[in-house]
Chemist: 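This is the structure I have questions about; it appears just below.
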Number of protein chains: 4
Amino acid sequence: MGNGSPLPLTPRKSPRQGRSIATVDAIFEATIQVLASDGLIRLNTTRVARRAGVSVGTLYQYFANKQALLFAVLERHLAVLAGAIEDACGDNPLVMVETVAEAVVMAYLRAQMAQAELSPTLYRIALELDARGLIDLTVRRSARAIEATLSSAIDGGFADPGLLAQTLAAALYGTVPAFCHRVLSPADGIEAQRQLTIMFRSYLLAHQRP
Amino acid sequence: MGNGSPLPLTPRKSPRQGRSIATVDAIFEATIQVLASDGLIRLNTTRVARRAGVSVGTLYQYFANKQALLFAVLERHLAVLAGAIEDACGDNPLVMVETVAEAVVMAYLRAQMAQAELSPTLYRIALELDARGLIDLTVRRSARAIEATLSSAIDGGFADPGLLAQTLAAALYGTVPAFCHRVLSPADGIEAQRQLTIMFRSYLLAHQRP
Amino acid sequence: MGNGSPLPLTPRKSPRQGRSIATVDAIFEATIQVLASDGLIRLNTTRVARRAGVSVGTLYQYFANKQALLFAVLERHLAVLAGAIEDACGDNPLVMVETVAEAVVMAYLRAQMAQAELSPTLYRIALELDARGLIDLTVRRSARAIEATLSSAIDGGFADPGLLAQTLAAALYGTVPAFCHRVLSPADGIEAQRQLTIMFRSYLLAHQRP
Amino acid sequence: MGNGSPLPLTPRKSPRQGRSIATVDAIFEATIQVLASDGLIRLNTTRVARRAGVSVGTLYQYFANKQALLFAVLERHLAVLAGAIEDACGDNPLVMVETVAEAVVMAYLRAQMAQAELSPTLYRIALELDARGLIDLTVRRSARAIEATLSSAIDGGFADPGLLAQTLAAALYGTVPAFCHRVLSPADGIEAQRQLTIMFRSYLLAHQRP
DNA sequence: GATGAATGAGTGTTCATTCAT
DNA sequence: GATGAATGAACACTCATTCAT
């Protein structure tokens, strides 16, 4: 791989033309498929290109290197998660604090489960690429959404909603994947969701009381 | 790397003689140093051996694989964490539930911080090696210790202390590393510890009330 | 080497384009040269590639393994031998039994001598790769050709031409290389050929008489 | 391996003392066992030493090289073969030419079959070590024995018994192993023996007639 | 004499990346 | 723009051999 040097994080060309967009999408899709079926270790640019039905050369026309490709995939995944949380928060303005926790946990879990196969691999990519910056950005983005909801909660009155939101977001992005690894049966998944909801709700209430 | 096949998880020979023990220790230490200074990607057996002041051959005399070596390092790290939690729990029998959360979080965080540099890398190793089994074992081991403490708590009376312990352990092993990534200043670390403690304590109390 | 697993016996891609064909040929030629000049033990993929004027990577683009490469060379050699025998048999339908032996021996010997330098090494490859199957196939192929000629011989009348053909083919592929080792001067070669011819002819006549 | 340099062909010390002899024998036996069970490729000095119940160091006390060890094993095997032929020839002075062929073929085949498992491997060793000299010596030794018998045959009268003996010996050492590879059922073995005997006998008679 | 820990050169193989066509 | 053949640095791992104990 050879990381360490400055990363070009975005596709080389903004693909405006239809053919380009289709190609880029095919490459994205192929990457995810290879990741799911062969694993990160066996993912290599040739394989991705073949699965995408293009040549390696073409792949390199759109992504400066393997890193950039993986980074882009991670970016997409995190955007989906953050979007899910924002949707959950946006849908419920003026809610009771009681329900915030549940809504957020559910939204995140649902989004994760949708790509359950991929999620651990993506976390590995995040570490491999040292993509803390990207993750931090996403966590902060989610934290902002949560903070807004907390602030507008009917029975809010938190001293420092920002801190709470940060804590929750970090716990979410950190804990849930850990739970995902472990979850096998749907029953376990439901129980996990219940416990996480309880934990988050009681955390919020603890801060609310004073 | 070449994964997929059964892993020999233990050193090839039980190093009884003094020279052997010293060699194995040197290799362990070198692995951690290389991990910290060069990162997992740039870690290769030659480099580890050189840093340990031995030859590659010697390294392979004690570890069947690169995988086995990394696995062993991970094993050690997790053992330290689990030990820290057990100590914290064992030290405080008959405590108030209030203090359990704090003790556990503090113990874990302190142990993690001691190898802060290493921790993210070790989690990556865990994924790379698909060492879920090992992690699960460790989480369960910690859960058992926590459960014991919860059960013997003066003001306990939990319906299902096992479930609580499991949740806490999973959240601990999942969340704290996520926090570690983010923590830079000691001040942040202290704040993180405070919030986690609050979260865990309120989670326990929530279950206790009914 | 690392044998034991299923062998991919054919080049990875069917080299249709001119450049590819040239490359594959160069690799073949280089393998033979290295085999002749350095011996099997010192043959390694790097050396072959260098001698072929290509990079190792290119070599591995056309041959999955070192094994596959050697196997292909052996395949070629055996095909030449079998072809020589078939030609000799096909050229002489309706011959006297007397001349069959001579024709076959001469054809085989000439083909062997053409690659005299290589022949012992190739037999070693055969053992190294456990290519008995391939050799058996070749021997059988030659036996079929000999049998056909024996059956169509004017003064034939053999009870079991198949058995005779098998014996001759086996003796040929087994004995001649043994002779080749020993042969140094052309004079010796001629004498060897004479004696082998006599042996084969008298063997055939012995079966014919009854 | 690194061949090409002058070979020390004999054990370093002439093992006179009982313990030494036992050790050398154990190493010999171990070598053959490893050869049979693991194959030449996986034979390495450590494994041999372990199987022999001694340390590598000890092995190297008696054999200068891996080569020397293998060479010694080959030497033993060939000595057994040559001995068998000499016995067969010596047992039958003043025989009919008719029976010489049969006796020789039978003797050789019997000796080969006794170590059938090993024989192909040994031929590979011969090539690996470039032990033509040793084989030539053995073939000549057998040729001498055969020549003596031919000369003393009642109905002999060969023009050049030496040439005949050479041819037979070469055919024997060359062909029989080739047959051995192919032979599976005892029935096949018997048929092979019959055909070889016929071939050799008719060859001798062909030379006798004029 | 015996031991076995240590050595390190050597080899097969992979794969990100380039560039002539 | 697209192709895919070619590159070659990099790495995991083996094993004959030595030598301090």
Side-chain angles (χ1 to χ4, degrees), chain A residues 1-2 13 17 19-20 23 41-50 54-69, chain B residues 1-2 13 15 17-20 22-24 41-50 53-67 69, chain C residues 1-2 13 15 17-20 22-24 41-50 53-67 69, chain D residues 1-2 13 17 19-20 23 41-50 54-69:
Chain A
M1 205 110 176
K13 15 177 146 178
Q17 296 151 25
R19 191 150 51 126
S20 301
T23 302
I41 291 182
R42 279 189 267 281
L43 177 144
N44 59 286
T45 50
T46 313
R47 224 191 295 258
V48 168
R50 190 165 47 232
V54 301
S55 68
V56 227
T58 299
L59 190 155
Y60 273 88
Q61 203 113 37
Y62 292 104
F63 298 92
N65 38 38
K66 193 186 165 189
Q67 276 186 68
L69 173 63
Chain B
M1 208 111 173
K13 2 179 150 176
Q17 296 165 22
R19 195 158 39 140
S20 299
T23 302
V24 168
I41 290 181
R42 276 192 270 280
L43 177 144
N44 61 283
T45 50
T46 315
R47 226 192 295 260
V48 169
R50 189 164 47 232
V54 300
S55 66
V56 226
T58 297
L59 188 156
Y60 276 92
Q61 204 132 32
Y62 294 102
F63 299 92
N65 287 335
K66 190 184 163 188
Q67 274 188 69
L69 172 63
Chain C
M1 208 108 174
K13 4 179 149 177
Q17 296 165 21
R19 195 157 40 139
S20 299
T23 302
V24 168
I41 291 181
R42 275 191 271 279
L43 178 144
N44 61 287
T45 50
T46 315
R47 225 190 296 261
V48 168
R50 191 166 45 232
V54 301
S55 67
V56 227
T58 298
L59 189 157
Y60 275 90
Q61 203 133 32
Y62 294 102
F63 299 93
N65 287 335
K66 191 184 163 188
Q67 274 188 69
L69 173 63
Chain D
M1 205 110 177
K13 14 177 147 175
Q17 295 151 26
R19 191 150 52 124
S20 300
T23 302
I41 290 183
R42 279 189 266 278
L43 177 144
N44 58 286
T45 50
T46 314
R47 224 192 294 260
V48 168
R50 189 164 49 231
V54 300
S55 67
V56 228
T58 300
L59 189 155
Y60 273 88
Q61 203 112 38
Y62 292 104
F63 298 93
N65 296 337
K66 193 187 166 188
Q67 276 186 68
L69 172 63

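No experiment lies behind these values; they were computed from the predicted model shown. Convention: sequence-line order gives letters A, B, ...; per-chain numbering from 1.
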Chemist: Look up atom CZ in B:Arg50 and atom CG in B:Asn44, then write down how far apart they are to the nearest 0.5 Å.
Modeler: 7.5 Å

Chemist: So, is D:Asn65 close to the F:dA16 phosphate, meaning a side-chain N or O under 4.0 Å from OP1 or OP2?
Modeler: no

Chemist: With a non-hydrogen cut-off below 4.0 angstrom, is A:Leu43 in contact with a base, only sugar-phosphate, or nothing?
Modeler: sugar-phosphate

Chemist: Just compare F:dA16, F:dC13, E:dT17 and give me whichever is closest to any side-chain atom of B:Thr45.
Modeler: F:dC13

Chemist: Nearest whole Å is fine: how far is E:dA16 C1' from A:Ile41 CD1?
Modeler: 16 Å

Chemist: If I take atom OH in residue B:Tyr60 and atom P in nucleotide F:dA16, what distance separates them, rounded to the nearest angstrom?
Modeler: 18 Å

Chemist: It should be established whether D:Ser55 places a side-chain nitrogen or oxygen under 4.0 Å from OP1 or OP2 of nucleotide E:dT3.
Modeler: yes

Chemist: How many angstroms lie between CG in C:Leu69 and OG1 in C:Thr45, if you round to the nearest 0.5 Å?
Modeler: 9.0 Å

Chemist: To the nearest angstrom, how far is C:Lys66 atom NZ from E:dG10 atom C1'?
Modeler: 11 Å

Chemist: Check the distance between F:dT18's P and D:Leu59's CG and give it to me in whole angstrom.
Modeler: 12 Å

Chemist: Taking the nucleotide of DNA chain F with the closest heavy atom to each, which residue, B:Arg47 or A:Val54, is nearer the 5' end?
Modeler: A:Val54

Chemist: Hey, are D:Ser20 and D:Thr23 close enough side-chain-wise for a donor-acceptor pair under 3.5 Å?
Modeler: no

Chemist: B:Arg42 has an atom CZ; how far is it from atom P of F:dA9, in whole Å?
Modeler: 18 Å

Chemist: Nearest to the side chain of B:Val56, which nucleotide is it out of E:dA5, E:dG8, E:dT17?
Modeler: E:dG8

Chemist: Return the nucleotide paired to F:dA20: Watson-Crick means purine N1 to pyrimidine N3 with N6-O4 or O6-N4, wobble means G-U with N1-O2 and O6-N3, both under 3.5 Å.
Modeler: E:dT3

Chemist: From the list F:dA12, E:dA2, E:dT13, which nucleotide is the closest neighbour of the side chain of D:Gln61?
Modeler: E:dA2

Chemist: Applying side chain to side chain contact (heavy atoms under 4.5 Å, CB included), run through A:Val48 and A:Lys66 and close with a yes or a no.
Modeler: CA-CA 10 Å; A:Val48 168; A:Lys66 193 186 165 189; over 6 Å; no

Chemist: I want to confirm an ordering. Mapping A:Gly57 and D:Gly57 to their closest nucleotides on DNA chain E, which one lands closer to the 5' end?
Modeler: D:Gly57

Chemist: For C:Val24 and C:Phe63, work out which heavy atoms get closest and say how close.
Modeler: CG1-CZ, 4.3 Å

Chemist: Figure out the CZ/P separation between C:Phe63 and E:dT11, and round it to whole Å.
Modeler: 20 Å

Chemist: Think D:Thr46 has a side-chain N or O under 4.0 angstrom from the OP1 or OP2 of F:dC15?
Modeler: no

Chemist: Would you say C:Asn44 places a side-chain N or O within less than 4.0 Å of OP1 or OP2 belonging to E:dG10?
Modeler: no

Chemist: How many whole angstroms separate atom CZ of B:Arg50 from atom C1' of E:dT7?
Modeler: 15 Å

Chemist: C:Thr58 side chain: which of E:dA6, E:dA2, F:dT7 is closest?
Modeler: F:dT7

